[in-house]
Structures are given as structure tokens and as C-alpha cells.
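Here's the structure we're looking at; comments come further down.
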Amino acid sequence: MKVAILGCGAIGGVVARSLRDGEVPGAELVGVVHAGPTDPPDLPVLGIEAATEQADLVVECAGQRALAELGPSIVASGADLLVVSVGALADDALLTKLRDTGPGTLHLCSGAVGGLDVLAAAAREGGLSAVRIVTTKKAPTLVQRWMDAEQQERIRSTAEPVELMRGPAREVTAAFPASANVAASVALAVEDWDLVEATVVADPNAPLTSHVITAEGGSGDYRFEIRNHPSPGNPATSGVVPHAVLAAVAKLARPTGAFA
Ligand SMILES: NC(=O)C1=CN([C@@H]2O[C@H](COP(=O)(O)OP(=O)(O)OC[C@H]3O[C@@H](n4cnc5c(N)ncnc54)[C@H](O)[C@@H]3O)[C@@H](O)[C@H]2O)C=CC1
Ligand SMILES: O=C([O-])CC(=O)C(=O)O
């Protein structure tokens, strides 16, 4: 399986180098599509057209905006698309275009969290009556451009954890596009954007990024607490995410014997 990587930052760079080094059996790197002023010196670089022509699978590691802009042309080209910026799929029109139009197939990466499989099963079996995700990250990583100067300063200088937003997953993932894709992952797993309440907390003293997912329903009660070390390349991103991408690529390249 030939693979191109869209976005060569903290996630894409690790994924591309691992594929280049032959660490995923059955998967071969054709190149990276990047947006920086200088090419990564150690990786083959492609334009998006060459990537979709040459690759069986394009892996999006570039952000919600890039996915919205480039995703439709990738699946229209016939290449399959593996997505990490799943929050962009809160736009129903984009989700429909990527999932239902083809001919390329859309795949979602579980990214920084787990438990999505059992949440999906529980949502089907007995229905879920409440689903919540609370994301806590090191405070400065959560400053957003839409915040006014006073709020930005309060987040940078807080000595205590501060709740920045609590609301429907669709709104929270749009407000924190590089930090709350996980809210969208939970909503997509249970197939209900309105059921999932997401909260984002800025903690000045959080050495690890945490995501606490709780759900209750007819088949049981669920609680997952995920505590990830931040990526050395980007403190807003959990270090495990590129490895979740590589696990997903491995499963697509050689599906036998993998969890479905
Ligand atoms: N599903 C999940 O659990 C998670 C999802 N993410 C998503 O992954 C994205 C990437 O995360 P990182 O690698 O940490 O970010 P990063 O900022 O380190 O890297 C993103 C790279 O994409 C490039 N880029 C942006 N637009 C592009 C375009 N149109 N074409 C080519 N390259 C483009 C940037 O120049 C940058 O090098 C985040 O923005 C977020 O949406 C991040 C963490 C967890
Ligand atoms: O990496 C994480 O822990 C979560 C994250 O940034 C996201 O969901 O966008």
C-alpha cells in the first residue's frame, strides 16, 4: 500500500519517518505534502496532485482547515483518506461528501483516545443516555485566536485549573480545532453529536494531557481516563497520536489478525 502524508508536523513527521524506515509491513511512503517554507530535508516531498495520483492512502495530519479544503478532492481522486482532524467532520456536509461520495474510502483514526469501540457497541445495544468528555491540557496550549486579550492572558497566567468551555461536542471541537478533536471522535463513535457534552480545562500544572470519557446507558456505565504525555514536537498534541496513526495504517495495509 502506497501512502502519502498530508502535513509534516508533530504527527505527520513521526508517521512519515516511520513509514520511510519500513516500520509498517505492507505500507510504503511515497512522500509528504507540507505547507512550510522549507522542505523537510530527509523526506520525499510531493504536491497534493502527485500525492493523490501516486498513493493508495492519504493520511491527513494537517488540521481541520486543511481537511475541509483538501479532503473532498482526495476521495474524489480515488485515494483512500485516513483522518486525524476528525473535528472537521462536525460539518455534516463535509462528512457526507467524504464518507458517501467516493470513490476513495474515508477512515477515521482514534488519535489520542480509546474506548471508542465499546462506546459504539453500547450506543447500538441499549442506547446511551449521557456521554461526556473532559479534556485537560497545559494551559498555554489552549489559547485561541478568537479569545480576547484578557482571556488569553488569564489562561497564560492562571495558577489554578480554569474551565474554558463546556457544551455540545460540535461547538467545542470547532472552538478548539487543534485540541478537541477527541470530542468529535466520541460523537462520531456514538453517532450522536447532540448527546456528547465536551469540556475543556486549562491547567497550569498538568504534566500530562488527560481525557476523561464517561457514558451511561442501557448496556452499562463506562469510564475511561486517558493520560498522555504531550508530543515533544507540539505540546498541544499527545505523543501517542502518531502511533495511533501508524496502528491504523498497519491495519489498513495488512488487515488480518487486527481488531476490527
Ligand atoms: N484525533 C485526535 O485525537 C487528534 C487530532 N489532532 C489533529 O492533528 C492535527 C495536526 O497535529 P500536529 O501534527 O500536532 O500539528 P502541527 O502543527 O505540529 O503540524 C501540522 C502541520 O500541517 C501543516 N499543514 C497545515 N495546512 C496544510 C496544508 N493545507 N497542506 C499541507 N500541510 C499543511 C502545517 O504546516 C504543519 O506542519 C491537529 O491540528 C489536530 O487537528 C491532533 C491531536 C489529536
Ligand atoms: O492530542 C490530544 O490529546 C488531543 C488533541 O489535541 C485533539 O483532540 O485535537
Side-chain angles (χ1 to χ4, degrees), residues 4-17 31-40 43 45-52 58-74 82-91 107-116 133-138 141-142 144-145 165 169 172-189 196 198-203 206-213 224-248:
I5 309 299
L6 174 61
C8 193
I11 300 172
V14 173
V15 173
R17 291 181 180 96
V32 297
V33 180
H34 82 107
T38 50
D39 288 351
L43 290 167
V45 171
L46 298 170
I48 186 67
E49 291 83 9
T52 51
V58 176
V59 183
E60 175 280 315
C61 308
Q64 292 189 13
R65 181 187 290 185
L67 176 60
E69 284 172 6
L70 299 172
S73 63
I74 294 170
L82 173 64
V83 163
V84 291
S85 299
V86 290
L89 306 177
D91 175 347
H107 303 281
L108 309 184
C109 178
S110 56
V113 294
L116 301 174
I133 174 164
V134 179
T135 290
T136 304
K137 286 195 185 187
K138 200 129 190 105
T141 69
L142 290 167
Q144 304 296 312
R145 286 209 194 99
M165 190 169 180
V172 174
T173 197
F176 294 89
S179 284
N181 287 278
V182 287
S185 301
V186 173
L188 289 160
V196 180
T199 303
V200 174
V201 177
D203 184 345
L208 275 71
T209 291
S210 78
H211 304 288
V212 178
I213 302 169
F224 310 99
E225 178 168 359
I226 293 123
R227 287 167 52 78
N228 291 321
H229 286 287
S231 157
N234 179 0
T237 287
S238 293
V240 76
V241 178
H243 304 284
V245 174
L246 288 163

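All ligand and atom numbering here is 1-based and tracks the order in the structure.
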Evaluate [X] for polar contact with ligand 1, using N/O atom pairs at a separation under 3.5 Å.
X: E69; result: no
X: S110; result: no
X: E60; result: no
X: H34; result: no

*Indicate, as side chain, backbone, both or neither, the part of S231 found under 4.0 angstrom from ligand 2 when only non-hydrogen atoms are considered.*
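Answer for S231: neither.
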*Pick one of side chain, backbone, both or neither for how A178 approaches ligand 2, counting any non-hydrogen atom pair under 4.0 Å.*
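Within the 4.0 Å criterion, A178 contacts ligand 2 through backbone atoms alone.
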*What is the closest protein heavy atom to atom 9 (O) of ligand 2, and at what distance does it sit?*
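Of every protein heavy atom, N181 ND2, 2.8 Å lies nearest to atom 9 (O) of ligand 2.
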*In the protein, which heavy atom is nearest to atom 3 (O) of ligand 2, and how far is it?*
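Protein heavy atom at minimum distance: S238 OG, 2.5 Å.
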_Suppose I only count heavy atoms of V241 and a 4.0 Å limit; which atoms of ligand 1 are within that range?_
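Within the 4.0 Å cut-off of V241, ligand 1 contributes 44 (C).
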_Taking 4.0 angstrom as the limit and counting only heavy atoms of A112, give me the atoms of ligand 1 inside it, by number and element._
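Once the distances to A112 are compared, the set is 2 (C), 3 (O).
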*Within the structure, does P177 bring an N/O atom to less than 3.5 angstrom of an N/O atom in ligand 2?*
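N/O-N/O distance under 3.5 Å: no.
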*Is K137 in polar range of ligand 2, meaning some N or O pair under 3.5 Å apart?*
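Yes; the residue has a nitrogen or oxygen that sits under 3.5 Å from a nitrogen or oxygen of the ligand.
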*asked:* Contact between ligand 1 and G233 is defined here as a heavy atom of the residue under 4.0 Å from a ligand atom; is it met?
replied: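 So G233 does not count as touching ligand 1.
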